[in-house]
Structures are given as C-alpha cells and as structure tokens.
Undergrad: 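For reference, the structure I am asking about is given below.
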Amino acid sequence: MSSTHLTPQEREQLHSVIREKLDLNGAGCREQVENTTVVRELPGVDSMRLLRLLGAVELGFQVNLGFEAIVQVRTVEDIERLICESRERYGDRVRSSGGRP
C-alpha cells in the first residue's frame with residue numbers, strides 16, 4: 001500500500017527544490033513555499049521555469065511525472081500528489097510483473 005503524501009523530510013526536499021529552481025533563496029525574496037502556494041504566482045515563474053522545476057522534481061524524487069503534469073500543477077500540493085501517483089503507478093507495474101520493474 002502506498003502513501004498519498006510525502007514524508008516531512010521529502011516535503012522539505014520538495015520545498016527546497018522549488019526554492020532553488022525558481023530562484024526563491026535570495027535575500028530579497030520573501031516568498032514562503034507552503035503546500036497551498038500557487039506555483040504559477042511565484043515571482044518569475046513562466047512555462048519554461050515550470051518545466052525545469054518538474055524535471056528537477058523527477059530527478060530528485062526518481063519519478064516520471066510526464067508532460068501532462070505541466071497543466072495539472074497549480075499548487076505545491078499538486079506536485080506532491082503527482083509524485084505519489086507516479087510512485088503508485090511504478091509500484092503497480094512492479095507488482096503486475098512479478099517483482100521486476
């Protein structure tokens with residue numbers, strides 16, 4: 001059975017990736033990253049930055065979100081949900097193949 005939420009450590013990792021990839025770590029940036037943060041409303045976010053962010057999430061969490069993730073992401077919580085769904089899909093494939101990925 002898989003979890004529909006990230007662990008607190010994974011959630012902090014996700015928030016860190018978001019801050020890094022969207023350049024929110026600067027001294028002049030006051031943006032906080034919360035689960036309810038609307039990603040597209042963060043400073044400087046455009047479709048290319050969102051694509052780079054999702055690519056970094058895929059690498060950091062070893063998941064495949066797919067291109068359709070771009071239109072599915074509104075909040076940070078949406079990214080978390082997509083990570084968990086990708087893990088579930090992978091687990092289903094492993095189970096159905098007798099334990100082989």
Side-chain angles (χ1 to χ4, degrees):
M1 181 174 173
S2 63
S3 173
T4 58
H5 297 289
L6 299 178
T7 66
Q9 295 83 7
E10 289 175 319
R11 187 170 292 122
E12 181 51 42
Q13 178 187 354
L14 175 59
H15 292 188
S16 178
V17 167
I18 291 169
R19 283 191 299 272
E20 177 188 332
K21 292 302 173 186
L22 300 181
D23 294 326
L24 302 178
N25 288 327
C29 186
R30 293 189 138 106
E31 291 297 326
Q32 295 293 321
V33 175
E34 306 289 339
N35 283 347
T36 57
T37 300
V38 178
V39 177
R40 293 175 197 267
E41 293 179 3
L42 290 168
V45 173
D46 58 19
S47 59
M48 287 305 295
R49 276 199 162 169
L50 182 57
L51 186 61
R52 284 194 296 268
L53 168 63
L54 294 177
V57 168
E58 286 184 330
L59 290 173
F61 287 88
Q62 298 181 338
V63 294
N64 182 3
L65 303 179
F67 288 110
E68 64 276 1
I70 295 169
V71 296
Q72 295 178 19
V73 170
R74 176 168 158 65
T75 65
V76 172
E77 192 170 47
D78 292 333
I79 298 173
E80 179 174 337
R81 177 182 49 78
L82 290 167
I83 291 168
C84 294
E85 287 174 359
S86 176
R87 288 175 172 173
E88 176 124 351
R89 283 190 309 273
Y90 177 77
D92 288 347
R93 282 196 309 271
V94 169
R95 285 188 290 279
S96 69
S97 68
R100 294 180 312 273

Undergrad: What's the separation between atom CD in Glu10 and atom CD in Glu80, rounded to the nearest 0.5 Å?
TA: 8.5 Å

Undergrad: Tell me whether Glu88 is salt-bridged to Arg81, with the criterion being a basic N under 4.0 Å from an acidic carboxylate O.
TA: no

Undergrad: With side chain to side chain contact (heavy atoms under 4.5 Å, CB included) as the test, pick out the partner of Leu6 among Leu14, Ile79, Asn35.
TA: Leu14

Undergrad: Would you give the length of the straight line joining atom CD1 of Ile18 to atom CD of Gln13, rounded to the nearest 0.5 angstrom?
TA: 11.0 Å

Undergrad: Nearest 0.5 Å, what's the CG-CD1 distance between Leu51 and Ile70?
TA: 4.5 Å

Undergrad: Going by side chain to side chain contact (heavy atoms under 4.5 Å, CB included), Glu58 matches just one of Leu65, Ile83, Leu82. Which one?
TA: Leu65

Undergrad: Enumerate the side chain to side chain donor-acceptor pair (under 3.5 Å) contacts for residues 61-74, please, sequence neighbours excluded, ordered by first and then second residue.
TA: none

Undergrad: If you round to the nearest 0.5 Å, how far is CZ of Arg11 from CD of Glu34?
TA: 10.5 Å

Undergrad: Output the distance between atom SG (Cys84) and atom CZ (Arg89), rounded to the nearest 0.5 Å.
TA: 11.0 Å

Undergrad: Is Thr36 close to Thr75 at the side-chain level, that is, under 4.5 Å between some pair of heavy atoms?
TA: no

Undergrad: Check each of Leu24, Leu50, Leu53 against Leu42 using the side chain to side chain contact (heavy atoms under 4.5 Å, CB included) test, and report the only one that passes.
TA: Leu24

Undergrad: Side chains of Arg87 and Val63: does their closest heavy-atom pair fall under 4.5 Å?
TA: yes

